[in-house]
**Q** 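Please see the structure below; I have some questions.
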Amino acid sequence: MAELKLHLHIDDRAEQLITVSSQELIIGRLPECDLCLPFSEVSRNHSRIYQNAQGEWCIEDMGSTNGTVVNQVEIKGVYQLHHSDAIQIGNAFLLVYLIDVDSVIKSDNDKRTQIANRSNTISRSVEELQKQWLQAGQEETSKTQQRAIARLQYLVEISKSLSSAESIEDIFQKVQLILFKEIPDIQRLALLVDVDGDGNLSLIDAAARQATNVKQTHSHSWISQSICQRVFREKIALKTLDAQADERFEGEQSILVKGIRGALAVPLWDTNQVVGVLYGDASLRLKASEDPEDEEDLSFFSTIANLVAYSVQRWLLRRKLQGQERIRQQLERYHSPAVVQQLITAGELEGGRIQPREAEISVIFADLVGFSSMSERMTPKQIAQLLDRFFEEMLQFVFALGGTLDKFIGDCIMAFFGAPEPQPDHADRAVRAALDMLKHLDQLNAANTFAEPLAIRVAISSGRAVVGDVGSAQRVDYTVLGEPVNLAARLEAICPASECIISAATYNQITVPKAFDWLGQQSFKGFDRPLDVYQTRRRQATTPLVQ
């Protein structure tokens, strides 16, 4: 008599070997069943495997809701089991092994030898496969020619539909309908894409032939990362008839644990760039035959993937542009176009940051006069509205001249010129921005724009500083650090209302020095010696500080 063994495979679980020691095995959801499969797709008493009087092993469905499938066909009545039959019950698969019958063993060994001689894995370069299935040689049969023509028509249709597809899901939907129809062994399909261009594949979409398997497809658990990475890295199309017995995957624990058997995987190769992988599996061993259609399926699968690659590449580009536009709109509220462009491309820089570097810059501080006392007379909402309008009105002159907003310090604007793009005239730009702010605020006050007139004091210092992203792993700011920053802050503290005060380094670089008067020298905390300072004379004469 033949001894029956069953290899049980359930999606992401390890494969289990079951030896049937009695003449009957009841499979179902109930705990008292001989083989309990506690899943909603399985009926309480689903199927019965038994040995008849002739010693033959048979299976019958016990009136289950979803039926019992053998070799991808739902059985009606009693079915006699044969070696290597594949039984599907819900989302569980059972591979039949009939042991200790000499003829069966010999047949199985011969079959394994035949497969081994043919190689369990077919791998071909994508270039080799791109035209292979279209080349109809003189020795081909009319059936093969008709199939090639039919598939060519499919390619024409899918090429048209992919060009009009508006989403990645739409692309995949069109592809899976054709592949499930043309390659009946495939049970599940997955589209994996290198979204960020870093070599890491992300699952974009998946589909299953059987409705009961749809839920499980949208996870990585059933996909062989080993196979996908090899296809992606080596740019080869690969078909494995039985990954469990394939020596090429010996030692790959993920394949053994997941019980992966038949699989097809091809790179999404657009010109010379691989953008992802199209992956399909049969959950069971793919059939081996001498039919050249074995490789034709792989060729067709690969050709479809090439068409998909173009659409995926277009989707990635559109996604990147949309992402950049969102980032640009957000950043342009705070930075000049030059800084925005550098921030957008920061992902290509080390650590995703704009690395700090030294630059010649001019720093500007513009502070509201008397804001503390003013805010005591206002509600929080009125304060926020005032600052929003004030910052918007003043910053337009910074941005118009290519400046960068460093930060808001309460009611004070800190900005700088000369970075990230070098600006030889950074001092002139800073001074022009300051004078434009003062003039524009006068006009706003004359028009009674605010509840009460506003006044600002502006200070500018120039020199060498460090500019770049500074902060922690959680938060970074594009900022400027160094002596010019410290001096500008000190100058702002001594500046009269509605005036602008600048350092000697700034004064020596500007082309409009006549707009400023020398006030003498002033000592500042943190500086070893007194420094020359210069100021506008817009409102009043100011006595020199030190002669």
Side-chain angles (χ1 to χ4, degrees), residues 2 4-20 22-54 56-98 176-190 206-219 221-222 242 258-263 280-287:
L4 175 64
K5 291 188 177 184
L6 302 171
H7 276 242
L8 173 63
H9 171 60
I10 304 174
D11 285 326
D12 56 348
R13 302 187 181 190
E15 188 171 296
Q16 179 182 353
L17 179 62
I18 300 170
T19 300
V20 183
S22 63
Q23 291 184 330
E24 183 181 67
L25 182 78
I26 303 298
I27 304 171
R29 194 172 71 241
L30 293 176
E32 53 264 32
C33 290
D34 300 311
L35 176 56
C36 177
L37 301 175
F39 307 105
S40 59
E41 300 89 350
V42 181
S43 297
R44 290 181 296 177
N45 290 292
H46 198 109
S47 305
R48 170 177 173 252
I49 295 177
Y50 66 95
Q51 197 171 36
N52 62 20
Q54 290 75 37
E56 301 165 335
W57 287 99
C58 303
I59 185 171
E60 63 178 347
D61 187 80
M62 301 177 71
S64 67
T65 301
N66 294 316
T68 300
V69 176
V70 179
N71 299 330
Q72 302 181 22
V73 178
E74 184 175 350
I75 63 171
K76 304 295 182 183
V78 176
Y79 176 87
Q80 181 182 342
L81 291 172
H82 302 85
H83 187 65
S84 294
D85 277 342
I87 304 169
Q88 181 180 358
I89 297 175
N91 63 338
F93 292 88
L94 294 161
L95 192 63
V96 174
Y97 281 81
L98 292 173
Q176 55 120 332
L177 290 175
I178 290 178
L179 289 177
F180 279 148
K181 181 178 180 180
E182 279 295 297
I183 309 179
D185 283 336
I186 292 179
Q187 296 300 310
R188 292 177 294 196
L189 276 173
R209 184 184 298 274
Q210 298 290 336
T212 55
N213 289 337
V214 170
K215 184 177 180 181
Q216 288 82 6
T217 58
H218 288 83
S219 70
S221 60
W222 60 279
D242 187 350
K258 294 178 182 180
I260 294 170
R261 290 194 176 276
D281 83 340
S283 293
L284 303 169
R285 188 173 65 197
L286 288 175
K287 295 178 180 179

**Q** Which pair of heavy atoms, one from Glu60 and one from Val78, lies closest together, and at what distance?
**A**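 Heavy atoms of Glu60 and Val78 come nearest at OE1-CG2, 3.7 Å.
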**Q** When you measure from the side chain of Ser43 to the backbone of Thr65, do you find a donor-acceptor pair of N or O atoms at a distance under 3.5 Å?
**A**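 Between the backbone of Thr65 and the side chain of Ser43 there is a qualifying donor-acceptor contact (under 3.5 Å).
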**Q** Taking atom CD1 of Ile27 and atom SG of Cys36, what is their separation to the nearest 0.5 Å?
**A**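 Interatomic distance, Ile27 CD1 to Cys36 SG, rounded to 0.5 Å: 11.0 Å.
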**Q** Tell me the closest heavy-atom pair linking Leu37 and Ile89, and the distance in Å.
**A**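 Result for this residue pair: CD1-CG2, 4.2 Å.
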**Q** Taking the side chain as every heavy atom from C-beta outward, state whether Leu81 and Ile49 have any atom pair closer than 4.5 Å.
**A**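 Heavy-atom side-chain distance check passes, below 4.5 Å.
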**Q** Just how far is it from atom CD of Gln187 to atom CD of Gln88, taken to the nearest 0.5 Å?
**A**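 If I round to the nearest 0.5 Å, the distance is 6.5 Å.
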**Q** What distance separates Cys58 SG from Gln51 CD, expressed to the nearest 0.5 Å?
**A**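 So the SG of Cys58 and the CD of Gln51 are separated by 9.0 Å.
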**Q** Measuring from Ser47:OG to Leu94:CG, what's the distance to the nearest 0.5 Å?
**A**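 It is 9.0 Å, given to the nearest 0.5 Å.
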**Q** Please round to the nearest 0.5 Å and tell me the distance separating atom CD1 of Ile18 and atom NZ of Lys5.
**A**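 Between Ile18 CD1 and Lys5 NZ, I get 12.0 Å after rounding to 0.5 Å.
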**Q** Kindly determine whether Ser64 and Val42 satisfy side chain to side chain contact (heavy atoms under 4.5 Å, CB included), including the steps that lead there.
**A** CA-CA 8 Å; Ser64 67; Val42 181; over 6 Å; no
**Q** Report yes or no: does Asn66 contribute a side-chain atom to a donor-acceptor pair with the main-chain N or O of Glu41 at less than 3.5 Å?
**A**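 Looks like yes, one N/O pair under 3.5 Å.
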**Q** For the residue pair Trp57 and Val20, establish whether any side-chain heavy-atom pair is separated by less than 4.5 Å.
**A**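 With C-beta onward as the side chain, the pair touches.
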**Q** Would you say the side chain of Leu25 lies within less than 4.5 Å of the side chain of Leu4, judging by non-hydrogen atoms?
**A**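 Side chain of Leu4 against side chain of Leu25, heavy atoms only: no contact under 4.5 Å found.
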**Q** So Ile75 and Val69, side chain to side chain contact (heavy atoms under 4.5 Å, CB included) or not? Walk me through it.
**A** CA-CA 6 Å; Ile75 63 171; Val69 176; over 6 Å; no
**Q** Would you compute the distance between atom CG of Asp34 and atom CD1 of Ile26 and round it to the nearest 0.5 angstrom?
**A**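 It comes to 6.0 Å.
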**Q** Strictly distance-based, threshold 3.5 Å: is any side-chain N or O of His46 a donor or acceptor partner for the main-chain N or O of Gly67?
**A**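 Checked: pair present.
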**Q** When you measure from the side chain of Arg188 to the backbone N and O of Asp281, does any donor-acceptor pair fall under 3.5 Å?
**A**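 No, because the side chain of Arg188 does not come within donor-acceptor range (under 3.5 Å) of the backbone of Asp281.
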